[in-house]
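Here the structure is laid out as C-alpha cells; the discussion comes afterwards.
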Amino acid sequence: MSEKTVRSPKPTPSPENRLDEEFWSHCADERLCFQVCASCETWRHLPRSFCAHCGSGDWIWKESSGLGRLYSWTVTHQPSLPQFLPDVPYIVAVIELNEGVRMVSHLRGVEPEKLEIDLPVTLEFERVSDAVALPMFRASLS
Amino acid sequence: MSFKDRAAIIGVGETDYVRGADRSSAELMLEASRAAIADAGLRSSEIDGLVLPPVNISAEEIAANFGIEDLRYAATVQMGGASPTSTLQSAATALSHGIAQNILIPLGWLGYSAMRPKPGVRRESINVPAMRRAMVSYYVPYGAVAPAQMYSWIATRHMKTYGTRYEDMAAVAIACRKNAQKNDRALMKGRPLSLDQYMNARWISEPLRLYDCCLETDGACAVVLTSAERARDCPHRPVYIMGGAEGHPYPADDIAGRPDMLRVGLSYAAPKAFQMAGIEPADVDFLQIYDCFTYVVLLQIEALGLCKAGEGGAFVRDGRIELGGEFPLNTHGGLLSEAHLWGLNHVIEATRQLRGDAGERQVRDAEIGVVTGWGDFGDGSLVILRR
Ligand SMILES: [Zn+2]
C-alpha cells in the first residue's frame, strides 16, 4: 500500500447536478431534506426533476423527521477503498425514513448479529469539514 | 413480429483466460474475434454488423482491422454485465430484419490487470453511466463502492425475508467449482472446493464470503451470428435463438429507492423471453446463469420462474444443479470458477452444449438451454437457445 493511499481522505459526496448540490448543502447545515412534490406531496429520493408519481415538475425541499427503520444492509469486512479499513466491519445500511423515502448510510450503535429488518433508527450527523456533513444513523434504544 | 428462431450462433472463439495479460483488451478481442469468425467458416471481411458491450474498442476500429468496408450495423448495449446476453437480442433483431447478415459480438477486458496495473499494461476502465450518479453522490461517501456491497442489500433483504441458508449459496459455488474440474480453460481447474472451505473463508461483505465472489480475469471471447437461413450452410450445427429479452429494475439507477428491491431486471425480462420461445422455464435442459455472486444466481432462478419467490435456496439443494442433476448450472464453471468474461463465456458454453461439443461435461441430450445476464444495479437479460 503506497503512502499516498494511506493518507488520502475518505471520499466526500461528488454532486453530479444542481439537485444533488442542494441535497448536500442542506446536509452541510445538518438538515436532512428531501424533495416533496408540490402537486401530490409524494416524498422522493434520489433528487429528480419530475415526480414519477404524478408528473409534476414543481417541488419543495422538506426536512425529514430523521426517524426510520432498517430496510436492508451489508456488513463490510473487506472494503475496496483502503480509507475505510479502520472502520471494518462497518454496516452500510439502506434506511427507510418515516416519510417513505430510502437512502444509503452507515448504521451505528448495534452489533452486526443483532441486525433485523425494521430495526428503529435515528439520524445523527457526522461533520467531515466546514462544507460537508454526512447523515448517519444510530440504532434507537428500545 | 418477433425474432424467434430467425437468428443463430454459428461461431465462437476465445483467447486464453489468464490472471495477468501482456496485451490490451482490444488486442485480445481482435484475437478472439478472429477465432470466432474462423469457427463460423467466414472471412473477417464478411462481418457486416457489430454489437458491443461497453468495451475498450470501437466498432470502427474492429472494422478497420478486419477489412469491413461496408459496416451496416453497429450498436452498443449499456447494461454492465447484462450487456453481452442483451447484445444477442439486438443482433437477432437486426438479422431477422435483414439489416446485417453476419454479426460479431466481442467481449474482452483486463478484469485482473486493470485493477492492479502491471508494468507495460495500460490502465483500462469500464464506462457505467447508469450507476455513476448514485455511486459518486450517494453511495461512495459511505464506503459502498463494490458490487459485492450493493448486491448484498438485495441479498440481505431476500435472505431475511425468506430464510435462505448459507449452505444454499455454497451449493452454487460448489456446483460451479465441480464443473470447472472438467474444463481445461477454467482458472479453477485443479482447485476443488469443499463446504468446509466455503464456510471457513473470510467475509467480503456479508452475506458474501470469499467463494461467493467471482474471479477477476484478463481475456476475451466472441460469438458470430447469422440468419437462420444462412446458418444451415455453416461448418457447425447452428444454435438458434428461440427467445430473448432484457429488463431493468425500477428505478434502475438507484438500488435503495426501489419500491420492491427484490424485483430485479430479469423479473421483467424472463416472462417475455419464455413467451417468445413458447416454452416453460422447466423445459430447459441446462442453466448458464450470470454468477458474479452466488446469491444473484438464487435471485435469478426465482426470476426465471423455475420456482416461486423465496424458494431459490431450496431449488439448488441435493445436487439438482450439478451435472447429472435436473438443471445443470454453469457447466463450464461460470464466472465463479471458469473466468469472468461478463457472461459471454456462458453464451459460448451454451453453444458448445447444444452443438454436443462439451466433452466430459456434456449434458446428455441437451436440446434447449437458457443463458442470463446480470449487471449494473441489477439489470437483467436472457436468451433461450436451442439446437
Ligand atoms: Zn407528484
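Every chain is numbered from 1 and lettered A, B, ... according to where its sequence line falls, protein lines coming before strand lines.
- The backbone N or O of B:Gly143 sits less than 3.5 Å from a side-chain atom of A:Tyr90, completing a donor-acceptor pair.
- Taking OG of A:Ser14 as the start and OH of B:Tyr138 as the end, the distance is 11.0 Å to the nearest 0.5 Å.
- Atom OH of residue B:Tyr142 and atom CE of residue A:Met103 lie 4.0 Å apart, to the nearest 0.5 angstrom.
- Residues B:Pro141 and A:His106 have side chains not in contact (no heavy-atom distance under 4.5 Å, counting atoms from C-beta outward).
- For the pair A:Arg102 (side chain) and B:Ala256 (backbone), a donor-acceptor distance under 3.5 Å is present.
- Ranking A:Ala93, A:Gly100, A:Ser105, A:Pro15 against chain B, the residue ahead of the rest is A:Ser105, based on heavy-atom pairs under 4.5 Å.
- Looking at A:Leu115, only its backbone comes within 4.5 Å of chain B, counting heavy atoms on both sides.
- Both the backbone and the side chain of B:Met261 come within less than 4.5 Å of a heavy atom in chain A.
- No other option in B:Trp153, B:Tyr139, B:Tyr151 has as many heavy-atom pairs under 4.5 Å with chain A as B:Trp153.
- With a 4.5 Å cut-off on non-hydrogen atoms, B:Pro259 touches chain A through its backbone but not through its side chain.
- The CZ atom of B:Arg157 sits 15.0 Å away from atom OG1 of A:Thr74, with the distance rounded to the nearest 0.5 Å.
- Only the side chain of A:Ile117 comes within contact range of chain B, judged by heavy atoms closer than 4.5 Å.
- Atom CH2 of A:Trp73 and atom CD of B:Glu206 lie 10.0 Å apart (nearest 0.5 Å).
- Residues B:Ile255 and A:Val104 fail the side-chain proximity criterion, which asks for heavy atoms closer than 4.5 Å.
- Of the listed residues A:Glu96, A:Lys10, A:Gln78, the one with more heavy-atom pairs under 4.5 angstrom with chain B than any other is A:Gln78.
- Within 6.0 Å of atom CG in A:Asp130, 12 or fewer heavy atoms from other residues, nucleotides or ligands are found, so the atom counts as exposed in its surroundings.
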Worked check of side-chain contact (heavy atoms from CB on, under 4.5 Å) between B:Val140 and A:Thr12: CA-CA 8 Å; B:Val140 171; A:Thr12 51; over 6 Å; no

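- Heavy atoms of other residues, nucleotides or ligands lying less than 6.0 angstrom from CD of B:Glu167 number more than 12.
- The NE2 atom of A:His77 sits 7.0 Å away from atom OG of B:Ser205, with the distance rounded to the nearest 0.5 Å.
- For A:Tyr71, the parts lying under 4.5 angstrom from a heavy atom of chain B are both the backbone and the side chain.
- The line from CH2 of A:Trp24 to OG of B:Ser137 is 6.5 Å long, rounded to the nearest 0.5 Å.
- Proximity to chain B (any heavy atom under 4.5 Å) is shown, for A:Asp87, by neither the backbone nor the side chain.
- Using a 3.5 Å distance cut-off with no hydrogens or angles, the side chains of B:Gln149 and A:Thr76 do pair a donor with an acceptor.
- Using a 4.5 Å cut-off between heavy atoms, A:Ser80 contacts chain B through its side chain alone, with no backbone atom that close.
- Annotation: maximal heavy-atom pairing with chain B below 4.5 Å, among A:Pro112, A:Ala52, A:Pro13, A:Pro89, occurs at A:Pro13.
- Contact of A:Val92 with chain B is made through backbone and side chain together, with heavy-atom distances under 4.5 Å.
- Between B:Asp253 and A:Arg48, at least one side-chain nitrogen of the basic residue sits less than 4.0 Å from a carboxylate oxygen of the acidic one, meeting the salt-bridge criterion.
- With a 4.5 angstrom heavy-atom cutoff, A:Glu116 touches chain B only via side-chain atoms.
- Neither the backbone nor the side chain of A:Pro79 comes within contact range of chain B; no heavy atoms are under 4.5 Å apart.
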